[in-house]
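Every value quoted in this text rests on a predicted model; they were computed, and no experiment measured them. In what follows, chains are A, B, ... by sequence order, proteins preceding strands, each numbered from 1.
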Number of protein chains: 2
Amino acid sequence: MTTARPRRRADAERNIAAILSAARELFGKGPLPSMNDIARAAGVGRVTLYAHFASREALLEAVIDSAIAETDAALTALDLDRLDPEEALRRLIETSWSILNTLRRTREAALADLDPEQLRRKHDPAFRHVERVLDRGRQAGVFRGDLPLDWLVASCYAVVHAAADEVNAGRIRAGDAPGVVAPTVLAMLAPTR
Amino acid sequence: MTTARPRRRADAERNIAAILSAARELFGKGPLPSMNDIARAAGVGRVTLYAHFASREALLEAVIDSAIAETDAALTALDLDRLDPEEALRRLIETSWSILNTLRRTREAALADLDPEQLRRKHDPAFRHVERVLDRGRQAGVFRGDLPLDWLVASCYAVVHAAADEVNAGRIRAGDAPGVVAPTVLAMLAPTR
């Protein structure tokens with residue numbers, strides 16, 4: 001009897017992980033998956049699915065939050081402080097892109113459900129890494145200091161996500177994205193002459 | 001009897017203009033207006049409203065199309081070919097912004113209803129002006145030639161619309177937007193050293 005609660009909690013955690021994993025895969029494939037599709041792919045019943053996520057919107061938000069947490073962890077692991085700011089930004093873009101690339105279609109679903117500011121707020125844990133690199137680069141004089149930091153972060157975010165939209169539209173190949181995003185962002189941040 | 005059809009057509013055109021004008025104002029104010037609100041503001045009945053626009057989504061698309069047509073006309077009137085490419089781009093940004101600024105909230109509604117590619121496609125008439133200026137600047141060597149033109153257009157589009165999102169979020173004042181967008185875009189387009 002005393003083990004019942006921990007076991008139930010472990011079951012719940014396993015179910016949540018299976019649901020998030022299935023949802024992430026299905027949202028990533030395009031046209032909005034139904035809750036039934038997600039329950040089936042996760043190997044759980046509808047009752048279990050709805051017990052953890054009240055709606056497809058709630059599940060979509062959880063998928064985004066978990067991807068951002070993954071990005072945050074991956075960027076922390078890069079230990080960007082040891083690199084010069086330009087190289088740090090290049091690595092940051094590559095790593096962020098490799099995760100965003102798996103969520104390009106999910107972004108379309110997210111834009112339909114969340115307003116741009118809600119979606120941006122969810123990126124705050126990733127933004128902190130960008131802010132830190134930009135701030136360090138500004139202090140070192142390798143990034144421009146004539147525009148607000150907030151705005152430069154917003155511009156980086158816009159350009160990286162524009163690449164996701166361009167890949168979705170078939171105008172850029174996914175593998176080529178970091179190679180166009182990095183020189184665009186670095187130019188945008190260059191000190192004014 | 002022979003004048004009945006032209007009069008009916010004139011009435012229809014007047015109604016459509018009143019509906020579009022009311023819809024543009026209401027969509028611009030924030031949380032999604034209902035079709036009833038729009039009919040009331042336009043001074044037409046629901047039957048008339050639905051006769052012209054089958055759904056709020058159809059009406060929203062018409063508002064966007066008309067704003068893009070207005071932008072196209074305003075950019076054509078600037079006669080950008082007579083200006084050097086950098087100055088032409090500055091004027092293009094100012095003029096586009098002055099229209100986008102009135103549609104910042106409408107953009108949120110549009111993102112909820114249309115996928116990013118559908119929304120981008122609607123901007124094609126405005127993009128032709130951007131492409132023309134960028135192409136001329138690349139040939140003159142004042143804009144970079146190392147990245148695809150399509151991608152540079154997409155990046156300009158992303159940065160201008162990021163400013164709209166930043167103003168909506170209260171991080172930039174509307175009047176300051178062209179002053180941050182122009183130097184960001186021009187830096188992004190600068191030839192690589």
Side-chain angles (χ1 to χ4, degrees), chain A residues 30-32 57 104-121 143-173 176-177 179-193, chain B residues 30-32 57 104-121 143-173 176-177 179-193:
Chain A
L32 287 177
E57 289 68 30
R104 282 184 280 110
R105 294 285 173 192
T106 310
R107 169 173 155 75
E108 291 180 8
L111 284 168
D113 276 358
L114 302 172
D115 74 41
E117 181 61 9
Q118 289 175 305
L119 191 54
R120 185 198 146 123
R121 285 252 169 89
F143 294 150
R144 70 195 302 166
D146 63 328
L147 294 174
L149 187 66
D150 259 2
W151 166 247
L152 295 179
V153 173
S155 300
C156 292
Y157 173 76
V159 170
V160 171
H161 287 82
D165 296 341
E166 291 298 290
V167 173
N168 281 344
R171 282 185 295 267
I172 293 181
R173 283 181 306 178
D176 293 339
V180 298
V181 170
T184 305
V185 166
L186 285 168
M188 200 166 74
L189 296 174
T192 47
R193 284 160 291 181
Chain B
L32 286 177
E57 289 67 30
R104 282 184 279 112
R105 294 285 173 193
T106 310
R107 170 172 155 75
E108 292 180 9
L111 284 167
D113 276 357
L114 302 173
D115 74 42
E117 182 60 8
Q118 290 174 308
L119 192 54
R120 188 200 144 124
R121 285 253 170 90
F143 294 150
R144 70 195 302 164
D146 63 329
L147 294 173
L149 188 65
D150 259 3
W151 166 248
L152 294 178
V153 174
S155 300
C156 292
Y157 173 75
V159 169
V160 171
H161 286 82
D165 296 341
E166 290 298 291
V167 174
N168 281 343
R171 282 184 295 268
I172 294 181
R173 282 182 305 177
D176 293 339
V180 297
V181 170
T184 306
V185 167
L186 285 168
M188 201 165 73
L189 296 174
T192 46
R193 284 160 289 181

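- Taken from CG in Leu32(B) to OG1 in Thr106(B), the straight-line distance is 9.5 Å, to the nearest 0.5 Å.
- For chain A, the nearby parts of Ala163(B) are the backbone and the side chain; heavy atoms of each come within less than 4.5 Å.
- Both the backbone and the side chain of Val181(A) have a heavy atom closer than 4.5 Å to some heavy atom of chain B.
- Residue contact with chain B, scored on non-hydrogen atoms closer than 4.5 Å, involves the side chain of Ile172(A) exclusively.
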Let me check something: any side-chain donor-acceptor pairs from residues 146-158 of chain A under 3.5 Å, sequence neighbours excluded? List them with distances.
residue   : atom : partner   : partner atom : Å
Asp146(A) : OD1  : Arg144(A) : NE           : 2.7
Asp146(A) : OD2  : Arg144(A) : NH2          : 3.1
Trp151(A) : NE1  : Thr184(B) : OG1          : 2.8
Ser155(A) : OG   : Trp151(A) : O            : 3.0

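- Only the side chain of Arg120(B) comes within less than 4.5 Å of a heavy atom in chain A; its backbone stays farther off.
- Annotation: side chain to side chain contact (heavy atoms under 4.5 Å, CB included) contacts of Glu57(B) (sequence neighbours excluded): Ser55(B), Asp113(B).
- If you take CZ on Arg104(A) and CG on Asp165(A), they are separated by 10.0 Å, rounding to the nearest 0.5 Å.
- A donor-acceptor pair is defined here as one N or O able to donate and one able to accept, closer than 3.5 Å; no such pair exists between the side chain of Glu108(A) and the backbone of Arg105(A).
- For the set Arg171(B), Met188(B), Glu117(B), the entry with the most heavy-atom pairs within less than 4.5 Å of chain A is Arg171(B).
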